[in-house]
Amino acid sequence: MEKWICKNCYTEFSQKYCGNCGQKRYTEKDKNLLAIFDEAVHFLTHFEGKFFRTMSVLLFRPGKFSVEYCYGIRQRYYKPVSFFLMLILLYLIFPFFEGLNMRMAFYPRLSFTGEYIQQVITDKTLSTGYSMEELSDMFRLKSEKVSKVLLLLLIPLTALTLKVIYFKSKRRLYDHFILATEINNFIILILFLLTPLLIGILIWIAGNIPIHDEAMAPYYFIFLVAYFAILLKRFYGQKWWITILKSILFLGLYHVIFNIIYKTILFMIIINLI
């Protein structure tokens with residue numbers, strides 16, 4: 001059998017792929033335009049299959065992705081953090097609503113930190129000489145990029161929250177981290193991509209439909225509690241009544257993480273970049 005030397009790691013091998021680094025054995029026949037086309041088709045079909053399979057499991061089988069990924073079943077899924085970054089990229093390309101890119105005027109209304117933020121804004125206008133309108137415009141331009149990148153902070157904060165809630169669980173911090181990534185993938189996918197898209201389609205079809213956050217809040221709460229209960233039950237395996245209570249507790253803590261901690265840190269970073 002003919003032997004080959006891998007051009008990447010210089011290991012001798014006889015199969016189609018190097019047994020040490022996995023690089024394919026390339027010959028002069030691979031140097032043609034058809035090979036480039038084949039690679040493009042392979043990437044698109046490979047990406048599409050894994051991406052939409054992962055998205056389907058996240059939406060309709062809560063917790064299944066994390067259970068299987070932590071168990072070692074990984075080839076069929078998109079990597080959790082890579083999927084998260086892909087969702088952020090999609091949100092950057094298709095920002096349906098302001099969503100994460102909140103205007104500066106929103107931040108003084110935050111619970112607990114709102115008054116402090118208002119004082120920071122006032123001090124900033126005095127120290128820089130900018131008007132409130134000028135400061136707000138600069139804040140919005142900075143926020144467009146920083147808010148999406150800083151979303152990565154949600155994953156470790158969510159993982160630590162799960163670790164505290166399930167402090168008796170034998171699962172490693174790594175497992176909590178994977179589940180935290182799945183949770184944040186779901187939140188970004190539902191709240192900032194699919195829901196705005198669906199509302200946009202309804203408005204386009206039926207005209208301007210009045211949608212009030214206050215009226216929708218109870219339905220969001222019931223939906224999220226049910227989703228997280230199924231997810232936590234499948235992943236941690238505790239009794240249903242305990243899981244439902246922990247689902248409500250987790251939702252409350254996640255609200256603090258997202259709407260107070262994340263947004264306050266985001267504001268402070270942006271205002272100091274101006």
Residues 164-172, side-chain donor-acceptor partners within the protein, below 3.5 Å, at least two apart:
residue: Ser169; atom: OG; partner: Arg171; partner atom: N; Å: 3.1
residue: Arg171; atom: NE; partner: Phe235; partner atom: O; Å: 3.3
residue: Arg171; atom: NH2; partner: Phe235; partner atom: O; Å: 3.2

Donor-acceptor contact present, side-chain Thr11 to main-chain Asn20, <3.5 Å: no
My understanding is that only residues two or more places apart in sequence, or in another chain, count here; which of them pass side-chain hydrogen bond (donor to acceptor under 3.5 Å, both in side chains) with Asn184? Thr158, Tyr254
Could you list the residues that satisfy side-chain hydrogen bond (donor to acceptor under 3.5 Å, both in side chains) with Tyr69, not counting sequence neighbours? none
Kindly list each side-chain donor-acceptor pair under 3.5 angstrom involving residues 110-117, sequence neighbours excluded, with atom names and distances?
residue: Thr113; atom: OG1; partner: Thr264; partner atom: OG1; Å: 2.9

Would you check if Leu162 and Tyr236 make a side-chain contact, meaning some heavy-atom pair closer than 4.5 Å? yes
Linking I/L/V/M/F/W/Y whenever their side-chain heavy atoms sit closer than 4.5 Å, directly or via other members, would Leu245 and Leu253 fall into one cluster? no
Euclidean distance, Met132 CE relative to Lys124 NZ, rounded to 0.5 Å: 13.0 Å
Would you say Ile274 and Thr128 make side-chain contact, with heavy atoms under 4.5 Å? no
Compare every heavy atom of Phe65 with every heavy atom of Tyr77, then report the nearest pair and how far apart it is. CB-CE1, 3.5 Å
Would you please classify the geometry between the Tyr107 ring and the Phe267 ring as parallel, tilted or perpendicular, with 30° and 60° separating the classes? tilted
Kindly give the heavy-atom pair with the smallest separation between Cys70 and Asp175, and that separation in Å. SG-OD1, 3.4 Å
Test of understanding: clusters of I, L, V, M, F, W, Y form through side-chain heavy atoms closer than 4.5 Å, transitively. Do Val149 and Ile257 belong to the same one? no
Once you round to the nearest 0.5 Å, how far does CD1 of Ile88 lie from CG of Asn185? 9.0 Å
Give a yes or no answer on whether the side chain of Ser127 reaches the backbone of Asp123 with a donor-acceptor pair at less than 3.5 Å. yes
By side-chain hydrogen bond (donor to acceptor under 3.5 Å, both in side chains) - contacts of Lys246 (at least two apart): Gln238
Any idea which heavy atoms bring Ile121 and Pro108 closest together, and the distance? CD1-CG, 3.8 Å
Measuring only between side-chain heavy atoms, which start at C-beta, is Phe84 closer than 4.5 Å to Leu151? yes
Between the CG atom in Leu189 and the CG atom in Leu191, the distance rounded to the nearest 0.5 Å is 9.5 Å
Within a reach of under 6.0 Å around CH2 of Trp240, are more than 12 heavy atoms found that belong to other residues, nucleotides or ligands? yes
Quick one: are Leu59 and Leu194 in side-chain contact, heavy atoms under 4.5 Å? yes
Non-hydrogen atoms of Gly63 and Arg234 that approach each other most closely: C-CD, 3.7 Å
Give, for atom CG of Leu251 and atom CD1 of Ile183, the distance between the pair rounded to the nearest 0.5 Å. 10.5 Å
Verify, without hydrogens or angle tests, whether Thr122 (side chain) and Gln118 (backbone) share a donor-acceptor contact under 3.5 angstrom. yes
Donor-acceptor pairs are to be reported for all side-chain atoms of residues 224-232 against protein atoms at under 3.5 Å, with residues two or more places apart or in another chain.
residue: Tyr227; atom: OH; partner: Leu58; partner atom: O; Å: 2.4

CG of Leu153 to CD1 of Ile265: how many Å apart, nearest 0.5 Å? 5.0 Å
Kindly give the heavy-atom pair with the smallest separation between Lys233 and Thr243, and that separation in Å. N-CG2, 3.5 Å
Would the number of heavy atoms belonging to other residues, nucleotides or ligands and lying under 6.0 Å from OH of Tyr10 be above 12? no
Out of Arg76, Arg53, Arg61, Arg74, which residue meets the salt bridge (charged side-chain N to carboxylate O under 4.0 Å, His left out) rule with Glu68? Arg76
If I take atom OH from residue Tyr262 and atom CG from residue Leu152, how far apart are they, to the nearest 0.5 angstrom? 9.5 Å
Is there a path of hydrophobic side-chain contacts, each under 4.5 Å between heavy atoms of I/L/V/M/F/W/Y residues, joining Leu85 to Ile188? yes
Please report the shortest heavy-atom distance between Leu266 and Ser147, naming the atom on each side. CD1-CA, 3.5 Å
